[in-house]
Number of protein chains: 2
Amino acid sequence: MRASERAYQRLREEILDGELAPGAPLGEVEQAARLGVSRTPVREAFARLEADGLATAASARVLVVAELSPESIAALYELREALEERAARLAAERRDPAPFLAVRRRIVAATEQLDGGADGLTEYYAAIAELDEAVDRAAGNPLLTAALRGARLHSARVRRLARHHPARLRRAADEHLLIVDAIIDGDASLAAHATHVHLHLSLRHALASIGGRSVA
Amino acid sequence: MRASERAYQRLREEILDGELAPGAPLGEVEQAARLGVSRTPVREAFARLEADGLATAASARVLVVAELSPESIAALYELREALEERAARLAAERRDPAPFLAVRRRIVAATEQLDGGADGLTEYYAAIAELDEAVDRAAGNPLLTAALRGARLHSARVRRLARHHPARLRRAADEHLLIVDAIIDGDASLAAHATHVHLHLSLRHALASIGGRSVA
DNA sequence: ACCCGGATTCATGTATACATTCACGCGCAA
DNA sequence: TTGCGCGTGAATGTATACATGAATCCGGGT
């Protein structure tokens, strides 16, 4: 694999996992040394991270890991609402239930294994990721999918911050199933509204979970 | 100014203006020679263009100017609908009429000069750009603004393709004024619906104007 | 004549050397 | 003591040399 690709994925993972904390400075030489590549691929990785919004220019010449304040989390969910609602609506209008029937089974199965520790959690998130992908495919709008990709990246950061109780995950699964069923039924309006409700509750849980502390 | 910045802006302008036609290959050495810089800043410019969606990887190692088919235009307007409607709604809810009163005057003045040739057209688009900026400010959501920036970039390409008759521009101005008035009145619902209508009509005009030919 | 395989070539991918600019700190003067 | 100014340094910005690998073209075989 290309060195720039490895550098990008590694840095992205570290930012999403919180190993690189919000506000942490990103120096080319430092990261190049740490990752074992030259500055050139690191520069490219930095550029992609900045385009993703995971890194921001603190001043003219210093790049830092993007902040993650309650305000920015609220803004993120506002954006996701606009995008996911539209995507869900388009998916429902498509009327191609087959992939969603498959996703539905996977979500149900994953929910039953939620007490199985870390593996259960991983499978749960994988199932949700498959739902996202199915929605993107059905929506059939590459630009929308690209915009959603960025928003979901940020959501992964939030997810790690907000420790998810099994109770919340179980309820979230129900919300997801309602969305899936609406899409299967071709009920675009319900798909959109159910998506809205899900995001609203997710945001409320996330903000409550981090308790207002700015994770800078 | 940095060479990479100049290269990016120049290439972006040329893509938006159509001088670099959709499908045109972007070679590092070629553009570096043409722009009078080394490959390094050109690489950075290419990366930004790809992040903007103005360039896409045709194969593993060749980058081309992004296509602009009727399908992608429709997809673009679908994305803009989702984003602009939300932004207009947020702006209306903010209830800070002052900047919109100013923009309103500017749009009205620009509309009256629409027969004044190229200058009138430039002023018209500048007024619309000011409206976009005012909406972004009022929405107060940096992520939403960033997503809109990308979508509006693509719209600039479409605009150049669809030769705009004065009649359409005058009508578009009316649509914009309705949006502005809704925001001034704090009528979020009307602002969103008026935005929807405007984008719908703009898309219809654009598609009719380019007559279904795929501008690849 | 057609197809397959390998060498060649050229664009990209990476590393590194050089240029530039900004920031920090030290020293001098008021 | 404090403020200004210059020098030094360390970072980024740029250029270029080198490595890699994919696409093409040619030659041999079927």
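To find a chain, count down the sequence lines: A is the first, B the second, and so on, and within it residues start at 1. Computed from a predicted model, the values in this text were never measured in an experiment. All values below were derived from every heavy atom in this structure, side-chain atoms included, with hydrogens, water molecules and symmetry-related copies excluded.
- Between A:Arg149 and A:Asp52 a salt bridge is recorded (basic side-chain N to carboxylate O distance below 4.0 Å).
- Rounding to whole angstrom units, CD of residue A:Glu30 and C1' of D:dA10 are separated by 13 Å.
- Comparing atom distances between the A:Glu28 side chain and each of C:dT14, D:dA15, D:dT12 picks out D:dT12 as nearest.
- Applying the 3.5 Å distance criterion, the base of D:dA22 shares no donor-acceptor pair with the side chain of B:Arg61.
- B:His205 and B:His165 have perpendicular rings, their planes meeting at more than 60° on a 0 to 90° scale where under 30° would count as parallel.
- When each of A:Gly36 and B:Phe46 is assigned the nucleotide of DNA chain C bearing its nearest heavy atom, the one mapping closer to the 5' terminus is B:Phe46.
- Across all strands, B:Val37 comes closer than 4.0 Å only to sugar-phosphate atoms, never to a base (heavy-atom distances).
- The CE atom of A:Met1 sits 16 Å away from the C1' atom of C:dT14 (whole-angstrom rounding).
- B:Tyr8 places its OH atom 19 Å from the C1' atom of D:dG13, with the value rounded to the nearest Å.
- Between the CZ atom of B:Arg48 and the P atom of D:dG13 there is a distance of 11 Å, given to the nearest Å.
- Using a 4.0 Å heavy-atom cutoff across all strands shown, A:Ser59 reaches no nucleic acid atom at all.
- Across the protein-nucleic acid pair, A:Glu44 atom CD and C:dA15 atom C1' stand 14 Å apart, rounded to whole Å.
- At the heavy-atom level, B:Leu26 lies under 4.0 Å from the strands shown only through sugar-phosphate atoms.
- Regarding contacts with the backbone of C:dG13, a side-chain N or O of B:Arg43 is found under 4.0 angstrom from either OP1 or OP2.
- Of the candidates D:dT16, D:dT14, D:dA11, D:dT16 carries the atom nearest the B:Arg39 side chain, counting heavy atoms from C-beta on.
- The base of D:dG21 does not come close enough to the side chain of A:Arg2 for any donor and acceptor atom to sit less than 3.5 Å apart.
- With no hydrogens or angles considered, a side-chain donor-acceptor pair links A:Gln9 and A:Glu5 at under 3.5 Å.
- The distance between atom CD of A:Gln31 and atom P of D:dT12, rounded to the nearest whole Å, is 10 Å.
- Relative to the ring axis of A:Tyr77, A:Arg80 places its NZ or CZ within 45° and under 6.0 Å from the centre.
- One finds no side-chain N or O of B:Thr40 lying less than 4.0 angstrom from the OP1 or OP2 phosphate oxygen of D:dT14.
- One interatomic measurement links the two molecules: CD of B:Glu50 to P of C:dT12, which rounds to 13 Å at whole-angstrom precision.
- Salt-bridge check for A:Asp17 with A:Arg160: failed, with every basic side-chain N at 4.0 Å or more from each acidic carboxylate O.
- A straight line from CD of A:Glu5 to P of C:dT12 spans 18 Å, rounded to a whole angstrom.
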